[in-house]
*Asks:* 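Can you keep this structure in mind? I'll have questions shortly.
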Amino acid sequence: MNPTACSDLARLNAVDNAGAIWELGSIKMSALPRVEVPLFAVSPGVASMLEFPDIRSGGVYIPEELSERWQATRGSVLESLSGPLVVHGVYKYSEQDGRDPRLANAVVVVRDSNQKASECWFSVWPPSKTPDQYVLGVVASGGNDEASLQIAPLNPTVGQQFDFAREYTNRVTAISAPAVVAVFGLVALSGMMRRRMETAGSLHAGARYRNRPFRILLVGVRRGRSNLCYKSPTISHPSRRTGGGL
């Protein structure tokens, strides 16, 4: 893969970000010389897609899994058989949600390089097949990458298409609208029943039926005025007596 052409995919309107990945084999820690830890290099574009903290070219990053296992945080020094490594940051990358698990237990170096890359990653939202027609331009000339080129999602469990209509129909808040209508209907019904009881009580006490609309209007105006009026608090001062005598 041509890393420069890969990064240039980010110029497409349908692509949010793009970058190259280099597989660098493995690395052995001095404390665990028999354990080989995968070593990768990624371009700043890939680091941005994976939300690396404080991205810096040449920085060494480890996932949370290795950070907890090795008790290493930012600034920690990892002693390897190839030399000391200073951890520049810890990134989140789960291997339990279906995505490619390789970076969940690997040491990753952020760098820019013209060296032929092994993979090209690009982020697309909303999902679209439009960038696929430009991927062939990423293949480096003089190699057999084109014959073995594969375009695959990073996390195949979440699908490759997004159905906006289905997501909107099956949204969690879909039942909220009927619920709101039902609640306000109950409030209105309770208010109507209360008003009917008040009216019946007034008629039973001798009020005239023709005066009912005027009374309802008067009560509404009084309640509206009581809500709009603001009564400022008063401060009383104790009176002072001067003079006096018997």
*Asks:* Kindly compute the distance separating SG (Cys6) from CH2 (Trp121), expressed to the nearest 0.5 Å.
*Replies:*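 Answer for the SG-CH2 pair, Cys6 versus Trp121, is 11.0 Å.
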*Asks:* Ser7 side chain to Thr4 main-chain N or O, any donor-acceptor pair under 3.5 Å?
*Replies:*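 Not at all, since once roles are kept as given, no pair shorter than 3.5 Å links the two residues.
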*Asks:* Restricting to non-hydrogen atoms, name the atom on Ala117 and the atom on Pro3 that form the minimum distance, rounded to 0.1 Å.
*Replies:*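 Closest approach of Ala117 to Pro3, heavy atoms only: N-CD, 4.4 Å.
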*Asks:* Are Val46 and Tyr134 connected, step by step, through hydrophobic side chains (Ile, Leu, Val, Met, Phe, Trp, Tyr) whose heavy atoms are closer than 4.5 Å?
*Replies:*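 In one cluster: no.
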*Asks:* So do the side chains of Asp112 and Pro44 get within less than 4.5 Å of each other, counting heavy atoms only?
*Replies:*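 Asp112 vs Pro44: side chains touch.
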*Asks:* Distance check, rounded to the nearest 0.5 Å: Leu50 atom CG versus Ser123 atom OG?
*Replies:*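 Reported to 0.5 Å precision, the distance equals 9.5 Å.
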*Asks:* Closest heavy-atom contact between Arg111 and Ser113?
*Replies:*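 Scanning both residues completely, I find the closest heavy atoms to be NE-CB, 3.8 Å.
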*Asks:* Between Val60 and Leu103, is there shared hydrophobic-cluster membership here, with clusters defined by ILVMFWY side-chain heavy atoms closer than 4.5 Å?
*Replies:*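 Per the 4.5 Å side-chain linkage, Val60 and Leu103 are not co-clustered.
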*Asks:* Between Arg69 and Asn105, is a side chain to side chain contact (heavy atoms under 4.5 Å, CB included) present by the stated rule, with each step listed?
*Replies:* CA-CA 10 Å; Arg69 189 184 308 167; Asn105 292 278; 3.1 Å; yes
*Asks:* In terms of hydrophobic clusters joined by side-chain contacts under 4.5 Å, are Ile27 and Leu32 together?
*Replies:*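 Yes, Ile27 connects to Leu32 through the hydrophobic network.
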*Asks:* Taking all non-hydrogen atoms of both residues, which atom of Val90 and which atom of Thr73 are closest, and how far apart?
*Replies:*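 Taking every non-hydrogen atom into account, CG2-CA, 4.3 Å.
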*Asks:* Start with the C-alpha gap between Arg34 and Lys28, add the side-chain angles, then the distance that decides, and say whether side chain to side chain contact (heavy atoms under 4.5 Å, CB included) holds.
*Replies:* CA-CA 7 Å; Arg34 296 185 180 181; Lys28 295 182 179 180; over 6 Å; no
*Asks:* Mind checking the CD-CD spacing from Glu68 to Glu64? Nearest 0.5 Å is all I need.
*Replies:*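 One gets 6.5 Å once the value is rounded to the nearest 0.5 Å.
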*Asks:* Would you check if the side chain of Trp22 reaches a backbone N or O of Gln115 as a donor-acceptor pair within less than 3.5 Å?
*Replies:*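 Confirmed, Trp22 side chain pairs with Gln115 backbone.
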*Asks:* So which heavy atom on Pro84 is nearest to which on Glu79, and how close?
*Replies:*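 What the structure gives for the nearest pair is CB-OE1, 3.9 Å.
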*Asks:* Work out which heavy atom in Val187 is nearest to a heavy atom in Ser190; give both atom names and the distance.
*Replies:*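 In terms of heavy atoms, the two residues are closest at O-OG, 2.7 Å.
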*Asks:* Counting heavy atoms not belonging to Asp54, are there more than 12 under 6.0 Å from its CG?
*Replies:*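 Buried by this count: over 12 neighbours within 6.0 Å.
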*Asks:* Can you hop from Val109 to Trp70 via hydrophobic side chains spaced under 4.5 Å?
*Replies:*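 Yes; tracing contacts between hydrophobic side chains, which count when under 4.5 Å, links both residues.
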*Asks:* Report the relative orientation of the aromatic rings in Phe52 and Tyr61; use parallel for angles under 30°, tilted for 30 to 60°, perpendicular for over 60°.
*Replies:*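 Taking Tyr61 first and then Phe52, their aromatic rings sit tilted (interplane angle of 30° to 60°).
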*Asks:* State, yes or no, whether a side-chain contact exists between Lys92 and Glu51 at a heavy-atom distance under 4.5 Å.
*Replies:*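 Side chain of Lys92 against side chain of Glu51, heavy atoms only: no contact under 4.5 Å found.
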*Asks:* State which residue, out of Val42, Ile55, Asp16, fulfils the side chain to side chain contact (heavy atoms under 4.5 Å, CB included) condition with Ser48.
*Replies:*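 The option that passes is Ile55.
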*Asks:* Is there a path of hydrophobic side-chain contacts, each under 4.5 Å between heavy atoms of I, L, V, M, F, W or Y residues, that connects Val35 with Leu85?
*Replies:*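 Linked, Val35 and Leu85 end up in one cluster.
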*Asks:* Look up atom OG in Ser43 and atom CD1 in Ile21, then write down how far apart they are to the nearest 0.5 Å.
*Replies:*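 That separation rounds to 7.5 Å.
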*Asks:* Within the structure provided, determine whether Asp100 and Tyr93 are in side-chain contact (heavy-atom separation under 4.5 Å).
*Replies:*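 Yes, at least one pair of side-chain atoms sits under 4.5 Å.
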*Asks:* Is the charged tip of Arg102 near the ring of Phe40: under 6.0 Å from the six-membered ring centre and within 45° of its axis?
*Replies:*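 No, Arg102 does not sit over the ring of Phe40.
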*Asks:* Pair Leu39, Ser26 - check side chain to side chain contact (heavy atoms under 4.5 Å, CB included), show working.
*Replies:* CA-CA 5 Å; Leu39 179 63; Ser26 61; 5.7 Å; no
*Asks:* Got a second to check how far Lys116's NZ is from Met1's CE, nearest 0.5 Å?
*Replies:*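 Answer rounded to 0.5 Å: 9.0 Å.
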*Asks:* Pair Leu78, Val87 - check side chain to side chain contact (heavy atoms under 4.5 Å, CB included), show working.
*Replies:* CA-CA 7 Å; Leu78 302 177; Val87 179; 3.7 Å; yes
